[in-house]
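Data first, discussion second: the structure below is written as structure tokens.
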Amino acid sequence: MTDETTPTASPAAEPVVEDASPPENDANGAAASGQKKDNKGEKEQVPIEELYDLSKPIKRIERPSKDEQNAAIAAIDEEIDALREERNVVQKKIDESMGKQKNTPIGRERDALNKLKNRKGLMIEQKRQIRARLEIVKMKADQLIGQQKNARSTMKFTNLADIEKEINRLQRKQEISSMSLSDEKKLIKDIEALQASKRTAEELKSKQGDLDTIKDDRKAIQGDLNAKDKEIDSIQKEIDAQSKVLKDLVDKQSSQRGTVDELVKQRDALKGKIDDKFKEKNTLRTEFREKTNDWYHNQRAIKAQRQMQYEEEKKRREEEKAAWLKKKEEEELAKTPYEEEMALCDYLAEYLTKTYLTGFQDEEAKKAKEAEEKAKADVVAVKDDPFAGFKAVSKKAEDDVNYFGKGKGKKKLKAKKANKAPTFSLSLDLFDQFGLITLNPPTSLDGVAASVEELKAKKQWYSEQPRGSVPTARDIRKANAEASAKAQTKGVKAENKGKKGNFSISNEEFAPLGTGAVSTGTGENWIS
């Protein structure tokens with residue numbers, strides 16, 4: 001009979017999908033969880049264009065509920081636990097019937113047999129370790145024997161006494177024999193070679209001692225191995241005897257075999273139900289994974305469609321902007337060159353003429369006439385006026401003075417002051433406007449007429465210039481603004497460094513005349 005085994009259908013690993021989110025840039029088919037793809041072993045995603053038609057409306061898919069999925073799996077797990085518990089009860093009955101319990105004779109004999117088998121397994125493991133030690137010793141011995149063979153193959157004498165004897169013989173021959181120079185050199189080389197072989201001979205002697213030690217170790221290890229084999233043979237005899245005893249007891253209980261077979265069928269049926277529950281659990285996980293993938297691809301498709309619509313809208317806006325710029329450029333080309341500059345010349349000339357030349361008195365008379373006409377228009381004619389024919393009398397008149405008191409002489413009426421000539425002043429804005437047409441503004445009332453003539457001549461000069469030949473007022477204004485910003489930046493840097501005496505455009509004592517400059521002073525006009 002077999003022991004209890006685990007279900008054949010193991011639960012599949014549940015995918016982590018609760019953190020899935022639409023990709024940040026799904027137009028190229030990139031997933032938001034792409035950074036985790038290598039760790040989870042996911043396959044490369046299919047381009048979203050192959051799954052959805054982005055040119056048509058895409059129906060939104062609801063995200064599957066993770067809580068419902070967990071609840072369904074938890075219910076299946078409870079059913080699996082109940083079936084396992086029932087199966088354990090059946091298995092316990094089978095063990096009791098087969099005598100696998102320790103409190104039965106068969107159980108006790110089986111336990112004794114298992115102990116003997118465990119002892120045998122331990123001895124086999126010890127034998128394996130002894131054999132490993134023996135292999136190591138053999139390898140060292142083979143290595144030393146190979147080194148000795150290599151050394152002896154290059155030596156004529158391997159014994160130190162033989163080497164000394166040969167050296168003395170050659171030296172004696174050199175002393176008493178007459179030989180040529182080449183023979184003598186050869187003899188000297190042989191003596192030097194013999195001298196060098198002394199060290200090798202000593203090493204061979206040392207290795208021979210090591211080899212003798214290794215041989216002794218090998219014999220000892222081989223003895224341990226033989227002893228362990230005898231112990232294993234002895235324990236095997238005990239195992240065979242115990243197995244025979246157990247077999248006899250099992251044969252005696254063969255009459256109970258029918259009951260055990262029925263219990264085994266029940267156990268197998270429960271095992272089949274458990275396997276079905278695991279399959280059901282895996283099916284739920286697979287369906288949830290597929291629904292989650294569908295939802296995720298739907299999110300990718302919606303994001304990709306939005307991105308595509310954004311690109312199309314952006315392209316349309318860029319085309320409209322390009323068409324508008326082209327239209328504005330054509331309108332600018334259709335205009336008269338330097339029209340703004342000529343209009344500025346007319347405006348400045350008219351302003352100076354009306355303000356400081358003949359236009360001042362005419363303007364005052366015109367204003368008085370308009371006020372009189374407005375006053376007459378506000379008066380309503382009276383019909384049947386009871387005061388017709390009467391004359392209004394002023395208290396300050398001469399008759400009133402004579403009527404109410406003693407006469408002290410006639411009062412002199414003060415003459416009305418004549419209109420005073422205007423004070424010459426130009427605002428900073430006018431200075432900037434003169435700078436836009438590269439002219440100097442007048443600095444006194446006497447220079448106004450000459451400045452007006454310069455403005456008229458400048459207008460005529462602008463009308464004769466071809467388009468793009470000279471800087472426009474817009475170009476000059478832009479250059480002044482850039483220069484002002486640059487100077488202000490330099491001034492701020494100088495203040496941060498804490499250096500004294502450096503020029504700074506942000507200083508309150510400095511009032512720049514260029515466009516874009518800001519003055520914090522109290523004066524707004526240049527007055528002379």
Item to check | Leu83 vs Arg87, side chain to side chain contact (heavy atoms under 4.5 Å, CB included): CA-CA, chis, key distance, verdict | outcome: CA-CA 6 Å; Leu83 291 173; Arg87 183 171 177 266; over 6 Å; no
Next on the checklist: Heavy-atom count check: over 12 atoms from other residues, nucleotides or ligands less than 6.0 Å from Glu329 CD?
Outcome noted: no
Checklist entry - Quick one: NZ on Lys291 to CZ on Arg63, what's the gap to the nearest 0.5 Å? => result 14.5 Å
Checklist entry - Should Glu231 and Lys228 be marked as a salt bridge (charged side-chain N to carboxylate O under 4.0 Å, His left out) after you check the CA-CA gap, both sets of side-chain angles, and the distance that decides it? => result CA-CA 5 Å; Glu231 292 180 2; Lys228 190 59 65 176; 3.2 Å; yes
Checklist outcome for this item: Closest non-hydrogen atoms of Ile239 and Leu113, given as atom of the first, atom of the second and distance, are O-CD1, 3.7 Å
Next on the checklist: With heavy-atom distances below 4.5 Å as the criterion, would you say the side chains of Ile48 and Leu51 are in contact?
Outcome noted: yes
Next on the checklist: Show, in sequence, the C-alpha distance, side-chain angles and deciding distance for Val137 and Lys215, and conclude whether the side chain to side chain contact (heavy atoms under 4.5 Å, CB included) test is met.
Outcome noted: CA-CA 8 Å; Val137 171; Lys215 288 181 179 180; over 6 Å; no
Item to check | Nearest heavy-atom neighbours spanning Tyr52 and Ile61 | outcome: OH-CD1, 3.9 Å
Checklist entry - Roughly how far, to the nearest 0.5 Å, is the CD atom of Gln129 from the CG atom of Leu134? => result 14.0 Å
Checklist entry - Taking only residues two or more places apart in sequence, or in another chain, which ones meet Glu62 in a side chain to side chain contact (heavy atoms under 4.5 Å, CB included)? => result none
Next on the checklist: Just checking Arg467: does its CZ atom have more than 12 heavy atoms from other residues, nucleotides or ligands closer to it than 6.0 angstrom?
Outcome noted: yes
Checklist entry - Does Lys138 pair with Asp142 as a salt bridge, N-O distance under 4.0 Å? => result no
Checklist entry - Is there a donor-acceptor pair under 3.5 Å between the side chain of Thr489 and the backbone N or O of Ala485? => result yes
Item to check | Arg300 to Val46 - nearest heavy-atom pair and separation | outcome: NH2-O, 3.1 Å
Item to check | Donor-acceptor pair between Asp475 and Thr472 side chains, under 3.5 angstrom | outcome: yes
Next on the checklist: Between Lys486 and Glu482, does any NZ, NE, NH1 or NH2 come within less than 4.0 Å of an OD or OE carboxylate oxygen?
Outcome noted: no
Checklist entry - Do you know the tightest heavy-atom contact between Leu436 and Ile476? => result O-CD1, 3.1 Å
Item to check | For Gln266 against Val90, the heavy-atom pair lying closest together | outcome: OE1-CG2, 4.1 Å
Next on the checklist: Just checking Glu331: does its CD atom have more than 12 heavy atoms from other residues, nucleotides or ligands closer to it than 6.0 angstrom?
Outcome noted: yes
Next on the checklist: For Phe288 and Glu68: C-alpha separation, side-chain torsions, deciding distance, then whether side chain to side chain contact (heavy atoms under 4.5 Å, CB included) applies.
Outcome noted: CA-CA 10 Å; Phe288 180 77; Glu68 295 178 359; over 6 Å; no
Item to check | Spacing of Ser243 atom OG and Arg110 atom CZ [to the nearest 0.5 Å] | outcome: 10.5 Å
Item to check | Gln236 side chain near Leu116 side chain, heavy-atom distance below 4.5 Å | outcome: no
Item to check | Inter-residue atom distance Lys273.NZ - Arg84.CZ, 0.5 Å rounding | outcome: 15.5 Å
Checklist outcome for this item: On a heavy-atom basis, the closest approach of Leu54 and Ala301 is CD2-O, 3.7 Å
Checklist entry - Please walk me through it: do Glu320 and Arg316 pass salt bridge (charged side-chain N to carboxylate O under 4.0 Å, His left out)? => result CA-CA 6 Å; Glu320 291 179 356; Arg316 184 184 65 80; 2.4 Å; yes
Next on the checklist: Taking the basic N atoms (NZ, or NE/NH1/NH2) and the acidic carboxylate oxygens, is any pair closer than 4.0 Å for Lys277 and Glu280?
Outcome noted: yes
Item to check | side chain to side chain donor-acceptor pair (under 3.5 Å) evaluation trace for Gln309 with Glu313 | outcome: CA-CA 6 Å; Gln309 292 173 355; Glu313 179 68 15; over 6 Å; no
Item to check | Lys/Arg N to Asp/Glu carboxylate O, Glu318 vs Lys321, below 4.0 Å | outcome: no
Checklist entry - Are side-chain N/O atoms of Asp67 and Ser65 paired as donor and acceptor at under 3.5 Å? => result no
Checklist entry - How many angstroms lie between atom CD of Gln299 and atom CD1 of Ile58, to the nearest 0.5 angstrom? => result 10.5 Å
Item to check | Side-chain donor-acceptor pair present, Gln242, Glu238, cut-off under 3.5 Å | outcome: no
Checklist entry - Passes salt bridge (charged side-chain N to carboxylate O under 4.0 Å, His left out), Asp275 versus Lys271? Steps please. => result CA-CA 6 Å; Asp275 292 343; Lys271 182 177 179 297; 3.5 Å; yes
Item to check | Among Arg119, Gln126, Lys127, side-chain contact (heavy atoms from CB on, under 4.5 Å) partner for Ile232 | outcome: Lys127
Next on the checklist: Test: salt bridge (Lys or Arg N to Asp or Glu O under 4.0 Å). Region: residues 128-137. Which pairs qualify, not counting sequence neighbours?
Outcome noted: Glu125-Arg128
Checklist entry - Would you say Gln488's side chain and Ala483's backbone share a donor-acceptor pair under 3.5 angstrom? => result no
Enumerate, atom names and distances included, each donor-acceptor pair closer than 3.5 Å involving a side-chain atom of residues 216-223, sequence neighbours excluded.
{"from": "Gln222", "atom 1": "NE2", "to": "Asn226", "atom 2": "OD1", "distance (Å)": "3.4"}

Next on the checklist: Determine whether Asp294 and Asn298 satisfy the following criterion, side chain to side chain contact (heavy atoms under 4.5 Å, CB included), listing intermediate values before the conclusion.
Outcome noted: CA-CA 6 Å; Asp294 293 340; Asn298 180 258; over 6 Å; no
Checklist entry - How far does CD of Gln45 sit from CG of Asn293, to the nearest 0.5 angstrom? => result 9.0 Å
